[in-house]
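Some notes on the structure that comes next.
To find a chain, count down the sequence lines: A is the first, B the second, and so on, and within it residues start at 1.
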Amino acid sequence: MRIERPRGTRDFLPEEMEKRREVERRLRKLAESFGYREVSTPTFEHSELFKRKSGEGIVEEMYVFEDKSKRELALRPELTAPIIRMFVNECSRMPRPLRFYYFGNCFRYERPQKARYREFWQFGVELIGSESYLADLEVILLAYKMLESLEIDFELHIGHVGLLRNLLKPLGEESSKAMRLIDKKDEEGLRKLFSELGMRDLEEKVLRLTELVGGKEVIEEAKEIVDFDFNHVEKLSDLLESLGVKHRINFGIARGLDYYTGVVFECYAKGLGAQKQICGGGSYELAQIFGGERTPATGFAIGFDRVCELFKGDSVKKPVVVIVNFPGLEKNAFELAMRLRESDITAVVDVMGRNLKKQLSYANDINAEYAVIIGESEVKGGVFRVKNLKTGEQLDVEAENITTFLSELLKPKT
RNA sequence: GCCCGGAUGGGGUAGCGGCUAUCCUCUGGGACUGUGGAUCCCAGGAGGCGGGUUCAAAUCCCGCUCCGGGCCCCA
């Protein structure tokens with residue numbers, strides 16, 4: 001019996017890997033242009049770290065295991081908690097604000113389906129230390145620019161969990177249950193909950209509020225429903241608009257995790273079926289949960305795999321030069337290859353002991369641009385024969401000029 | 001955890017109780033001892049696993065595993 005790949009995991013072949021690297025490159029470039037610096041945390045943590053902050057939802061689907069010393073560990077289901085843990089443990093004295101970005105794999109034991117896997121990648125940022133609307137602005141702007149740079153067709157929705165929390169205050173203990181129902185858009189469940197609690201008047205308000213989706217006028221409507229300071233959201237929305245960031249106000253966004261405190265946002269894309277959410281984030285307070293000082297932060301995570309599926313651009317493939325390798329002249333072939341590689345040319349030498357015909361055939365199969373033939377006559381004459389595999393043309397080039405010659409030919413056309 | 005649909009060489013398939021399991025592609029070699037993509041020849045390679053029914057199972061039945069899609073949840 002062959003050993004299969006575990007369920008919900010994937011192998012990435014070169015073609016796909018090149019595309020993923022291209023997406024990664026673009027995201028990194030943008031994060032760094034905003035002054036964010038990469039951080040990395042362990043693949044597994046004490047399961048306590050995730051249990052403490054995120055309620056049953058995520059905990060049920062965690063990969064938890066015991067190590068040989070009976071420590072209870074978990075493969076990370078997300079990256080925000082580890083990063084805030086790292087911040088509390090070793091960065092709390094660094095100058096504020098801190099700008100971190102990360103790219104890493106996460107694990108959740110869920111039923112796999114389109115654009116959902118048990119091992120998946122998140123690319124995200126955390127801006128730690130500011131609770132200004134400007135922090136929300138920066139982070140949302142960055143998320144927007146990232147998705148834009150991948151030429152993805154998406155919609156940005158911005159909400160605020162504060163006003164829902166305010167409204168739900170009378171529910172006391174039950175309010176987080178209500179938040180979850182709102183997040184699920186479970187109207188029936190909500191009605192049931194409210195009638196059980198005998199709060200029909202509140203029910204109407206909540207339902208009206210969560211249905212508010214649209215432009216700025218939505219804020220005015222919300223003001224009539226709930227007593228709340230909308231200044232933060234208004235300033236944020238205005239500034240985003242003036243910077244050309246198209247968005248909709250959506251007070252129905254509740255987000256599954258209950259550590260969010262203020263502005264929350266999500267991005268939805270077309271073409272992924274049920275998994276249309278490609279980015280989610282907002283402002284939160286986690287530091288004190290992990291034993292640090294109360295510190296506001298805001299961040300988001302992009303569903304890297306989902307975004308890769310939507311990315312239609314091409315990765316830039318490096319051209320390949322094949323060095324034809326003859327028996328007895330292996331030294332010459334490998335020497336030439338080394339010279340080309342030093343000049344940043346990808347050079348491939350036959351290692352199958354094949355004849356010339358087969359080597360050219362292979363060169364064709366791997367889509368090489370050029371073949372360099374150095375046989376006995378070439379070595380004697382100090383001239384290498386360069387064959388263009390696309391056109392079939394051949395040229396004899398002086399051995400010492402070969403690197404510059406090929407570099408010139410392979411220069412990317414701009 | 002629930003619902004639907006699947007699983008035949010590396011990839012794509014045909015057969016749907018009975019010959020040595022079909023065809024395409026692929027991989028390696030050769031025709032062709034130094035010039036690729038074409039052609040021809042040779043070689044390689046398969047019914048997910050376990051059980052049942054039957055004289056006989058890839059084919060029918062059951063269970064499991066895995067894959068795809070949906071619910072839930074999320075990225």
| note | Across all chains, not counting sequence neighbours, the side-chain hydrogen bond (donor to acceptor under 3.5 Å, both in side chains) partners of Glu126(A) are Thr80(A), Tyr284(A)
| said: Mind checking if Tyr117(A) touches a base, just sugar-phosphate, or nothing, with heavy atoms under 4.0 Å? | reply: base
| message | Pairing check on U35(B): which nucleotide meets the Watson-Crick or G-U wobble criteria with it, both distances under 3.5 Å? | response | none
| task | Go through C66(B), A75(B), G70(B) for me and flag the one nearest to the Arg7(A) side chain. | result | C66(B)
| request: Please report the shortest heavy-atom distance between Asp350(A) and Gln359(A), naming the atom on each side. | output: CB-OE1, 3.2 Å
| note | Closest of G37(B), C72(B), G30(B) to the Arg116(A) side chain is C72(B)
| query | Gln113(A) has a side chain; which of G36(B), G70(B), G30(B) sits nearest to it? | reply | G70(B)
| field | Aromatic plane relationship, Tyr36(A) with Phe34(A) - under 30° parallel, 30 to 60° tilted, over 60° perpendicular | value | tilted
Do any N or O atoms of the protein come closer than 3.5 Å to N or O atoms of nucleotides 31-34 of chain B, and which pairs are they?
| residue | atom | partner | partner atom | Å |
| --- | --- | --- | --- | --- |
| C32(B) | O2 | Lys357(A) | NZ | 2.8 |
| G34(B) | O6 | Glu376(A) | N | 2.8 |
| G34(B) | O6 | Ser377(A) | N | 3.3 |
| G34(B) | O6 | Ser377(A) | OG | 3.3 |
| G34(B) | O6 | Glu378(A) | OE1 | 3.4 |
| G34(B) | N1 | Glu378(A) | OE1 | 2.8 |
| G34(B) | N1 | Glu378(A) | OE2 | 3.3 |
| G34(B) | N2 | Glu378(A) | OE2 | 2.6 |

| task | List for me each residue that meets ring pair (Phe, Tyr, Trp, His ring centres under 6.0 Å) alongside His247(A), sequence neighbours excluded, and say none if there are none. | result | none
| Does the side chain of Ile219(A) come within less than 4.5 Å of Glu234(A)'s, by heavy atoms? | yes
| query | Between G47(B) and U33(B), how far is it from one P atom to the other, in whole Å? | reply | 39 Å
| message | Among Tyr102(A), Phe12(A), Phe107(A), which residue satisfies the ring-ring contact (aromatic ring centres under 6.0 Å, His included) criterion with Trp121(A)? | response | Phe12(A)
Identify each atom pair where a protein N or O and an N or O of nucleotides 2-6 of chain B are less than 3.5 Å apart, giving names and distance.
| residue | atom | partner | partner atom | Å |
| --- | --- | --- | --- | --- |
| C2(B) | N4 | Arg111(A) | NE | 3.2 |
| C3(B) | N4 | Arg111(A) | NH2 | 3.3 |

| field | Listed once per pair and sorted, the ring pair (Phe, Tyr, Trp, His ring centres under 6.0 Å) pairs that draw on residues 304-356 of chain A, sequence neighbours left out | value | Phe103(A)-Phe304(A)
| field | Residues which pass side-chain hydrogen bond (donor to acceptor under 3.5 Å, both in side chains) with Lys317(A), listed by chain and number, not counting sequence neighbours | value | none
